[in-house]
Structures are given as C-alpha cells and as structure tokens.
Amino acid sequence: MTETSDTRSAAGAAREAPRSRLQRLMRYLPLIAPVLLWAVPCWVLLHTGQRWPLPVTLIGTALSVLGLAGMPLAMVRGHGRRQQDRAAIVGDTLLGCVWVLFTWSVLLGVLLRLALTVAGVGDGQDRARIVTWAVLGVTAVLLAWGYAEARRVPRVRRLDVELPRLGAGLDGTRVALITDTHYGPLDRARWSARVCETVNTLEADLVCHTGDIADGTAERRRAQAAPLGTVRATRARVYVTGNHEYYSEAQGWVDLMGELGWEPLRNRHLLLERGGDTLLVAGVDDVTAESSGLAGHRAHLGGALQGADPDHPVLLLAHQPKFIDRAAAHGIDLQLSGHTHGGQIWPFHYLVRLDQPAVAGLSSHGARTLLYTSRGTGFWGPPFRVFAPSEITLLVLRSPRRSG
C-alpha cells in the first residue's frame, strides 16, 4: 500500500510540475504579450532586409511604438473601473488588428520567405519586400472579412443529438441555444433584435442562453439586451450566468433576465414534459461565481439536481465547457456551453484548448455524457471573427425509441 501511494504521489507531482511552470509563465503573459505582438511585425516588415527609405522605416517603427504604448492604456481605460466605451473600442480594435498582423508576420515571414528562397525569386531585398506586402495584404483582407463576420447575424447551425435515456414522447424536442452575446461598447441593439427574430423562426420548445450576456452592467447595456424579451419558446426560456456577468454586477443581470421573462437557472432545475416523458433542464452559476464574492453565487450541481428523479434524462446549462468533468461524474446526458467563441480569431483556439476540454461542436465525455460547445452568438473585445464563425444553434433531441 505504501509503494502504491508513493507511486501515485510521484505521478501527481510530475503532472503538477509542468502545470505550475505554465501557471508561472501565464502570470507574465500580460507583460510579455503586448511587446511580442508589436515588436515581431515591426521587425519582420521593416528590419529584415527590406532597406526601405529612412522615413518609411522611422514612421513604421514609430507607429509600432505608439501601438505598444496606446493599446494597453486604451484597454485599461476601456475595461477597467472607468469603462470608457470609446477607449474600449480603440483598445479592442488595436488588439484584433495586431493579433492578425502578428500571426501572419510569423507565418509568411517564415514560410513565404523560405518558398521564395527555394524558388530563387529575386534577391534578399526583393524577397523581404514581397513578404512585407503579402503580410499587409493578407492582414487587410482578413480584418475586413473578420469584421463583417463579427457584425452579421449568425447563421443557424442545426444538428440532431440522440440521448439514449430520452423517452419517445420527447423525441424531436427543439432546443435553441444562444450564448456570449457580449453586448458592449459597440451599440448592437439592432443586431440584437435581428438575432432574436432569427431565433423566433426556429419555433423552439426550449430557448437557452448560457451566459456572458454583456460587458457592462445591466443598467448600462439594457437597451441592447431588451430584445431578448421578444424571444419566443413553446415551453421555456432559460438562462445561466457566465464569467463576464461577475465582472459587471451579476445579480443585476439575473434580475433583468427575469424581468424580460427568462427563467434564471441558478443551481436549480425545471421539468419539461411531453407525451408522458420528462426531461430535466438544470443550470448552474459559472465556475467563477464563488470567487466573485457575490453572496449566494456559486456553481453547485448537487443543488441543481436536488430532488430530481435519477431516471430522468438531464440537459444541463453551464457556461464553461470545463464544467463537463463534474457533469460526467453525475451522469448528465447533455451539457450546453459557450465561453470559447471557437477561438474567435485564428489561431487563438490553440490557447483556448489549454484551459478548456473542447472549443466547438459536439463531444463525448465519460460513459454517457455529451457536451455541445457553441462558438458563441456575438464577440468579445476585438470586433473580428476569423475562421471561427458565430452561431445560433438548433439542437433537435432524438430518442432511440422513436417510431420510424
């Protein structure tokens, strides 16, 4: 027994070592990242053999330094205590632009230059300038396209999900999912109304919002959130908090959603019955709720399932996909989540995977638990979506016992 315990302890320590190193690195990331984001494109585009005229080099370098100084300042003023919307728009836009510019400076700075060298195209200066113009061109195209993708009404993604324990009477139950609307500095009241109109065309039995309604308090973003009151469902409209509610007086959002006719599922459940069969619809607060210090807020799955018949299939709303470990341990049938935005701006999804077990789509966990992770209906921060389209999701629940 002692040897087994020691072996487990050693294995656990081995797993914790890289995790602790990663956590230490993440502490310094806010200081390191802005420097890399601005310095790498500046170096690749201006100082790797292009031999631009001196005014071009000086102006380009000055713009990089200005961006490096101005972006963090605008982000702090926009998203800090002052919450100045104009500053937030400037900071968020600069962040999105420099992320795309950084990504393609690295990729094209290495791959395209290598390809041009192998192909024997021009001399060193010619190749360097081709890379610069290619990076700027690709960045401009992706930002224009990404802005249009972020601001449009999301396309509807439809899929059937078979739940082995779902009774035949509930076969065909239509569940509409919106999440991460992130009403914020850019006024999207008209967009919000059009999203709600699209949801209403789905004729859903159950409409779910899995959190991150907005960036800002309910009082401040009320006009953008108001169209949610027009959403129709034949059975229920249910909502759970996301982590961003806990940056902006979460109880105010819970109260406003109740005022708009939605049912906040704060560690509790309701029953959806049809054809003699029952589906238990449960919800939990976001996993960041307890650390927020807001009284009575925490993610408590046991409370959400309290008094429930264990034979009933369970549909769980939890904002973050990483709650799936607890859901699978409790034998939940289907968890609906958001939070990841599908990465929002490629290739950010690789960083998301460091924190979440899934980025988008349907995945299986444990013996019977399914997780659906939405790419989100809106966007956070930078008003761009690159290779990570937003979505409104319609899940049609299927029973294995349905009639042909």
Side-chain angles (χ1 to χ4, degrees), residues 149-150 154-163 173-182 195 198-199 202 204 206-213 238-246 265 281-289 299 301 304 313-381 385-398:
E149 280 286 293
R155 301 176 186 92
V156 177
R157 185 180 186 191
R158 296 173 168 85
L159 71 158
D160 287 4
V161 180
E162 183 172 286
L163 302 180
T173 298
R174 297 165 69 85
V175 179
L177 171 63
I178 58 175
T179 184
D180 298 274
T181 42
H182 282 286
V195 166
T198 301
V199 172
L202 302 179
L206 181 70
V207 180
C208 308
H209 194 308
T210 53
D212 278 8
I213 295 178
V238 291
Y239 155 74
V240 293
T241 57
N243 56 303
H244 277 249
E245 276 86 330
Y246 291 98
L265 293 181
V281 181
V284 292
D285 292 339
D286 184 63
V287 293
T288 61
L301 184 53
V314 180
L315 170 64
L316 174 69
L317 275 61
H319 177 67
Q320 298 195 40
K322 64 184 177 184
F323 197 80
I324 193 64
D325 289 344
R326 297 184 226 180
H330 280 76
I332 299 299
D333 297 85
L334 174 62
Q335 176 179 314
L336 302 183
S337 297
H339 185 68
T340 68
H341 300 204
Q344 187 164 317
I345 304 178
W346 186 89
F348 197 78
H349 65 286
Y350 290 114
L351 296 179
V352 175
R353 283 303 299 265
L354 296 175
D355 184 53
Q356 300 293 335
V359 175
L362 191 66
S363 55
S364 181
H365 303 263
R368 71 176 182 218
T369 303
L370 296 176
L371 165 67
Y372 184 81
T373 306
S374 169
R375 291 187 299 255
T377 309
F379 61 85
W380 174 85
R385 273 188 173 268
V386 178
F387 305 135
S390 55
E391 66 178 80
I392 297 168
T393 318
L394 178 65
L395 301 101
V396 181
L397 305 186
R398 293 298 182 186

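One distance of note links CD1 of Ile213 with OG1 of Thr377; it measures 11.5 Å at 0.5 Å rounding. Atom CD in Gln335 sits 10.0 Å away from atom CZ in Arg326 (nearest 0.5 Å). A distance of 12.5 Å separates CH2 of Trp380 from CG of Asp180, quoted to the nearest 0.5 Å. Rounding to the nearest 0.5 Å gives a distance of 13.0 Å between OG1 of Thr179 and CZ of Arg375. We find the OG1-CG distance between Thr241 and Leu265 to be 10.5 Å, quoted to the nearest 0.5 Å. Here the OG1-CZ distance, from Thr173 to Arg398, works out to 9.0 Å after rounding to the nearest 0.5 Å.
Under the 4.5 Å side-chain criterion, counting only non-hydrogen atoms from C-beta, Ser337 is in contact with Leu371. Side-chain contact between Asp355 and Lys322: present, with at least one pair of heavy atoms (C-beta onward) separated by less than 4.5 Å. Cys208 is listed as a side-chain neighbour of Val238, based on a closest heavy-atom distance under 4.5 Å. Put simply, the side chain of Thr393 does not reach to within 4.5 Å of the side chain of Leu336, judged on heavy atoms. Two residues are said to be in side-chain contact when any heavy atoms from C-beta on lie closer than 4.5 Å; Pro154 and Val195 meet this criterion. Phe323 is listed as a side-chain neighbour of Val287, based on a closest heavy-atom distance under 4.5 Å. Arg174 places a side-chain heavy atom less than 4.5 Å from the side chain of Leu394. Two residues are said to be in side-chain contact when any heavy atoms from C-beta on lie closer than 4.5 Å; Leu202 and Ile392 meet this criterion.
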Practice item. Decide yes or no on side chain to side chain contact (heavy atoms under 4.5 Å, CB included) for Val175 and Val161, but give the supporting numbers first. Key: CA-CA 10 Å; Val175 179; Val161 180; over 6 Å; no
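One N or O on the side chain of Asp333 and one on the backbone of Val314 form a donor-acceptor pair closer than 3.5 Å. For the pair Thr369 (side chain) and Ile332 (backbone), a donor-acceptor distance under 3.5 Å is present. With Arg385 contributing its side chain and Phe379 its backbone, the two residues share no donor-acceptor pair below 3.5 Å. In this structure, the side chain of His209 engages the main chain of Gly211 through a donor-acceptor pair within 3.5 Å. The main-chain N or O of His182 is never found under 3.5 Å from a side-chain atom of Asp212 such that the two would form a donor-acceptor pair.
Minimum heavy-atom separation, Ile324 to Leu370: CD1-O, 4.3 Å. Across all non-hydrogen atoms, the minimal contact from Ser390 to Gly378 is CB-O, 4.4 Å. Of all heavy-atom pairs spanning Ala318 and Val284, the tightest one is CB-CG2, 3.8 Å. The nearest pair of heavy atoms linking Pro321 to Thr373 is CG-CG2, 3.7 Å. Taking both residues in full, the closest heavy atoms of Glu245 and Tyr239 are given as OE2-OH, 2.8 Å, listed atom of the first, atom of the second, then distance. Between Thr340 and Ala358, the shortest heavy-atom contact is CG2-O, 3.5 Å.
A salt bridge (charged side-chain N to carboxylate O under 4.0 Å, His left out) check over residues 334-347, counting only residues at least two apart or in different chains, returns nothing.
Of the candidates Asn243, Thr288, Asp286, Asn243 is the only one forming a side-chain hydrogen bond (donor to acceptor under 3.5 Å, both in side chains) with His319.
Every residue two or more places apart in sequence or in another chain that forms a side-chain contact (heavy atoms from CB on, under 4.5 Å) with Phe348 is listed here: Trp99, Leu351, Val352.
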